[in-house]
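Remarks on the structure that follows.
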Amino acid sequence: MTPIGTVVGISRLLVLVPVTVCATISYVNQQLPRCSDRTPPPQTLAKCRYDEDCMKNAYCWNQEACLCKDGFIAYKNRTHLECLKEANAIGDPCEVDIQCQVTFAPYSECRQRICQCSDGSHYVEGRCYKSVGLGLPCQSHRNCYIKDSFCVTGFCACTLNYHANPRNDVCIPNIELGGKCSKDYDCIAENSRCLDFCTCKVDHVLSSDGKRCLKVSESIGEPCQENSQCQLFQRESECGPNGRCRCIEYFHQRGSICLEDTLLNNRCQSHRECITETYRDSNSTEVMNVDCIDGFCKCAKDYIMAEELHDCIRYSDNGAATITESLQQLPLVLNFVFFASFSLTL
């Protein structure tokens, strides 16, 4: 609709009479619309012909209906309709929540007669968003109100190079091993602690790449990844190809420790030091086939030494028991031969 004026001449007096004309754009084979077919916007407040017919902060649209001016919002209280000013910034004066919510979304309200974000929400990028803490579901990174946090795969999490504190309410910078720190939880490496600088805990050792803390292996046979895990408590050990601590060359296992090899007929202080060709590593600390006797490694009770094997074997293992029994029976055989010979002589 475009209002134009018609000039009427009366004794040199010009009077402008407002006339409403329906201005449209027509297309081929299209029926022209009529002015009466145009409907007012949904914000219609009341019927009117002139702006003066409308309430404060409203104007008469098309001489048909009152609408709120730009920057104002329609609000109906118990008795009448009115146009209230929309808030432009948090802290603007207000009377009802709608003045705030039209600008800052549903998570805003009129509190203490000024626009504020409602409890459990915060202001960011021109709107109020529901506040979501670390580890909780989110729809946008704007929900994540904790500094340096973002919405990742539907949950609020600390951004790259940051991690959560123990209370899960602050994102703090990652500090690698060797970096200066003030709290244990500053250190990002697992099983690390802060001693002015990030370092490994007491029962852990630093990995060869300087980025991890590895659990110390306290005895032979325990799992390992690197030699340092075995050698902290057992110097003469290493991490074997099977991923377990073992004794190094020229040392053998007795129980949970490594002892230097001591061969048969060499000096010793304990039977645990003694080994043979077939008896080296053992989880047991008991005397087996070799013992420390009079300060030398010798075969234990019920064992004899096989010189060619440099080993200790049971008597029965090489027929020694049969020979011994034969020797024990030798006097009886000799007596039988003597009596038989004596009888023939007579």
Side-chain angles (χ1 to χ4, degrees), residues 133-136 144 146-262 268-275 278-286 288:
L134 294 173
L136 298 177
C144 305
I146 293 175
K147 185 181 178 182
D148 299 311
S149 67
F150 287 86
C151 190
V152 181
T153 62
F155 292 88
C156 287
C158 293
T159 189
L160 188 66
N161 297 325
Y162 283 78
H163 64 282
N165 68 344
R167 295 189 304 274
N168 215 36
D169 58 4
V170 175
C171 288
I172 57 179
N174 294 346
I175 300 179
E176 303 288 347
L177 290 169
K180 191 169 180 59
C181 58
S182 58
K183 306 281 186 183
D184 284 347
Y185 55 75
D186 289 338
C187 306
I188 190 61
E190 188 176 1
N191 297 312
S192 61
R193 61 175 179 169
C194 180
L195 294 175
D196 292 330
F197 295 88
C198 289
T199 185
C200 293
K201 291 181 178 179
V202 174
D203 56 347
H204 288 74
V205 292
L206 186 64
S207 63
S208 57
D209 61 9
K211 296 181 179 180
R212 296 172 297 155
C213 291
L214 304 176
K215 180 75 170 66
V216 168
S217 299
E218 298 181 2
S219 63
I220 300 302
E222 288 192 0
C224 60
Q225 299 177 44
E226 298 183 6
N227 291 338
S228 59
Q229 293 174 262
C230 307
Q231 293 170 347
L232 184 65
F233 288 124
Q234 189 62 56
R235 187 177 60 182
E236 300 85 7
S237 65
E238 62 183 0
C239 189
N242 64 344
R244 293 187 177 274
C245 293
R246 68 178 183 181
C247 298
I248 61 175
E249 189 176 9
Y250 305 120
F251 284 80
H252 61 277
Q253 177 187 354
R254 282 296 182 274
S256 61
I257 63 173
C258 293
L259 296 171
E260 190 173 4
D261 295 347
T262 303
C268 59
Q269 295 181 345
S270 168
H271 69 274
R272 295 182 299 170
E273 302 171 18
C274 303
I275 65 168
T278 59
Y279 176 62
R280 289 185 57 81
D281 298 316
S282 175
N283 291 323
S284 173
T285 58
E286 301 297 324
M288 301 299 285

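The chain is numbered in sequence order, starting from 1.
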Determine whether C224 and C239 satisfy the following criterion, disulfide bond (SG atoms under 2.5 Å apart), listing intermediate values before the conclusion. CA-CA 6 Å; C224 60; C239 189; 2.1 Å; yes
Run C230 and C245 through disulfide bond (SG atoms under 2.5 Å apart) and show every step you take. CA-CA 6 Å; C230 307; C245 293; 2.0 Å; yes
Checking side chain to side chain donor-acceptor pair (under 3.5 Å) for the pair E222/S219: CA distance, chi angles, key distance, verdict? CA-CA 6 Å; E222 288 192 0; S219 63; 3.3 Å; yes
Test log, rule side-chain contact (heavy atoms from CB on, under 4.5 Å), inputs C181 and C187: CA-CA 7 Å; C181 58; C187 306; 3.9 Å; yes
Does the pair V216 and Q229 meet the rule for a side-chain contact (heavy atoms from CB on, under 4.5 Å), with working shown? CA-CA 5 Å; V216 168; Q229 293 174 262; 5.7 Å; no
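Atom CG of N161 is separated from atom CD1 of I172 by 13.0 Å, given to the nearest 0.5 angstrom.
Under the 4.0 Å criterion applied to side-chain N and carboxylate O atoms, E226 and R212 are assigned as salt-bridge partners. Between K201 and D203 there is no salt bridge, since no side-chain N of the basic residue sits under 4.0 Å from a carboxylate O of the acidic one. In summary, R246 and D281 do not engage in a salt bridge, as defined by a charged side-chain N under 4.0 Å from a carboxylate O.
Here the two cysteines C247 and C258 have their SG atoms closer than 2.5 angstrom.
A donor-acceptor pair shorter than 3.5 Å cannot be found between the side chains of S270 and E273.
Geometrically, R272 does not engage F251 in a cation-pi contact defined by less than 6.0 Å to the ring centre and at most 45° from the axis.
A pairwise comparison of heavy atoms in K183 and C194 identifies O-CB, 3.3 Å as the closest pair. Between D169 and I146, the closest heavy-atom pair is O-CD1, 3.6 Å.
Side-chain atoms of T159 and S149, non-hydrogen and from C-beta on, never get closer than 4.5 Å to each other.
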